[in-house]
Amino acid sequence: MEQLDPAKIPNHLAIIMDGNGRWAQQRMLKRIVGHQRGAETVKMIVEQASLVGIKYLTLFAFSSENWLRPAMEVRALMTLLKKYIRQETARMMRKNIRYNVIGNRSDLPDDINQTLDEAIRKTAGNSGMMLTMALSYGSRQELSLAAARLARDVMAGKLLPDDISIDVFGSYLDTGGLPDPDFLIRTSGEMRISNFLLWQLAYTELYFTDTNWPDFTIDEFHKALADFQARERRFGMTSAQLNRRN
Ligand code: IPE
Ligand code: IPE
Ligand code: MG
């Protein structure tokens, strides 16, 4: 296993958990079996992330565009989600993990929303890692809704157009209050963002692996973190400037 520097653990890790369907198809199994196996990987990575000291973990679990999938797959995913949250809340309490959701919750079925509310309420007092699930989430949708809310507040006289700074705009997003991700992992070999956290990923380090999400292991997770630790985040500055600051 890779040796990790505890001082250089990403504060906020975001993951696009992709490849469940292909994992199943390669084994002549139904896509939903891939999602079930993917849920096992989620359990393992949530635990590992909190163990290595990640403070914010954000998982892309269901996109706004995923509603376009066959109704049977969508239904199966919702059932799996509900089961996952119900089963995992006790473990989240033990691990001191707080639960959070971003995305268009009004699209989600009522029973899912109830389950989510319950999990959020139960874990609200936990002070460890914050686990954010992106559900029915699309970044362009989030950005346009934020713009609409801002416009309404300007019209109501709560805010002047000139008050709209980067920080103010960011506070209108679903992720208001969360720091930007330091590191993004996408599994399954796809090299795209798929409408995830477009604003928030401005200076995030990106990592792509060919491994499908159900096959993603603790070892690979550590390998990804070691890769992050070897990078120099310059934020537009020169290397010399950064080294002078240390
Ligand atoms: C990711 O796996 C899970 C969701 C998007 C819900 P996919 O279902 O996208 O798997 P592939 O990309 O078809 O292999
Ligand atoms: C992105 O995966 C969404 C999630 C992981 C939930 P997709 O499988 O939906 O992305 P595309 O369609 O390949 O871009
Ligand atoms: Mg996919």
Side-chain angles (χ1 to χ4, degrees), residues 12-46 49 56-88 99-109 111-113 115-116 119 131-143 173-175 178 181 183-201 204-217 220-221 224:
H12 184 172
L13 167 67
I15 307 182
I16 303 177
M17 312 182 289
D18 199 11
N20 293 348
R22 276 163 287 166
W23 181 93
Q25 273 155 353
Q26 283 158 10
R27 290 162 180 77
M28 309 295 205
L29 299 166
K30 292 206 164 69
R31 291 179 59 86
I32 185 62
V33 180
H35 295 312
Q36 284 161 354
R37 288 295 293 263
E40 295 307 312
T41 308
V42 174
K43 291 180 195 169
M44 188 257 299
I45 292 299
V46 167
Y56 299 87
L57 174 65
T58 300
L59 301 177
F60 203 3
F62 192 85
S63 75
S64 305
E65 291 74 23
N66 288 150
W67 292 113
L68 299 170
R69 292 194 179 191
M72 210 174 74
E73 180 169 345
V74 170
R75 250 196 320 273
L77 278 167
M78 292 297 148
T79 306
L80 191 61
L81 175 66
K82 192 163 137 185
K83 204 172 117 197
Y84 171 85
I85 295 159
R86 289 233 168 115
Q87 278 179 357
E88 288 305 294
Y99 202 73
N100 181 40
V101 175
I102 57 172
N104 195 354
R105 285 193 56 185
S106 57
D107 287 347
L108 297 171
D111 58 327
I112 300 280
N113 271 320
T115 309
L116 291 173
L131 170 61
T132 300
M133 287 283 190
L135 297 172
S136 190
Y137 176 85
S139 192
R140 286 181 164 178
Q141 290 82 344
E142 176 193 36
L143 286 161
L173 299 171
D174 290 5
T175 50
L178 295 182
F183 194 38
L184 171 84
I185 298 175
R186 181 170 190 153
T187 58
S188 89
E190 307 299 353
M191 308 255 206
R192 54 176 173 262
I193 301 296
S194 300
N195 203 14
F196 191 44
L197 302 174
L198 300 177
W199 166 280
Q200 298 86 341
L201 293 176
T204 303
E205 295 295 329
L206 310 178
Y207 182 91
F208 300 96
T209 167
D210 285 339
T211 307
N212 287 323
W213 180 248
D215 279 338
F216 195 65
T217 59
E220 270 218 59
F221 181 56

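Computed from a prediction, not measured in an experiment: that's the story for all the values here. For ligands, and for the atoms within them, numbers begin at 1 and follow the listed sequence.
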As an exercise, identify every atom of ligand 1 less than 4.0 angstrom from a heavy atom of [X].
| X | result |
| --- | --- |
| H35 | 3 (C), 8 (O) |
| R22 | 11 (P), 12 (O), 14 (O) |
| A61 | 6 (C) |

Suppose we measure from [atom] to each protein heavy atom; which comes out shortest, and what is that distance?
| atom | result |
| --- | --- |
| atom 2 (O) of ligand 2 | R186 NH2, 3.7 Å |
| atom 13 (O) of ligand 2 | R192 NH2, 2.8 Å |
| atom 14 (O) of ligand 2 | S194 OG, 2.6 Å |
| atom 10 (O) of ligand 1 | G21 N, 2.9 Å |
| atom 9 (O) of ligand 2 | N66 ND2, 2.9 Å |
| atom 7 (P) of ligand 2 | R69 NH2, 3.9 Å |

* ligand 1 to F62 polar contact by distance, N or O atoms, under 3.5 Å ->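 No - when backbone and side-chain N and O of F62 are compared with those of ligand 1, no distance drops under 3.5 Å.
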[Y] backbone acceptor or donor facing [X] side chain under 3.5 Å:
| X | Y | value |
| --- | --- | --- |
| N195 | R140 | yes |
| T187 | N212 | no |
| R37 | V33 | no |
| T204 | P181 | yes |
| R31 | E73 | no |
| D174 | G103 | yes |
| N113 | R105 | yes |
| R186 | D18 | no |
| T41 | W213 | yes |

Exercise for review: Select one of side chain, backbone, both or neither to describe which atoms of Q25 lie under 4.0 Å from any atom of ligand 1, heavy atoms only.
Suggested key: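 No part of Q25 is near ligand 1 at this cut-off.
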### Message
Heavy-atom contact check, 4.0 Å cutoff: does S188 meet ligand 1?
### Response
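S188: no contact with ligand 1 (<4.0 Å).
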Original post:
How are the rings of Y56 and H12 set to each other: parallel, tilted or perpendicular (split at 30° and 60°)?
Top reply: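 Correct class here is tilted.
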**Message:** With a cut-off of 2.8 Å, does E190 put an N/O/S atom close enough to the Mg ion (ligand 3)?
**Reply:**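 Under 2.8 Å: E190 has no N, O or S contact with the Mg ion (ligand 3).
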**OP:** Say whether M17 and ligand 2 are in contact under the criterion: heavy-atom distance to a ligand atom below 4.0 Å.
**Re:**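 Flag set, M17 near ligand 2.
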Restricting to N, O or S, what is the name of the atom of D18 that lies nearest the Mg ion (ligand 3)?
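Minimum-distance N/O/S atom of D18 relative to the Mg ion (ligand 3) is OD1.
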Test of proximity, S63 against ligand 2: N or O pairs below 3.5 Å: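 By distance alone, the answer is no.
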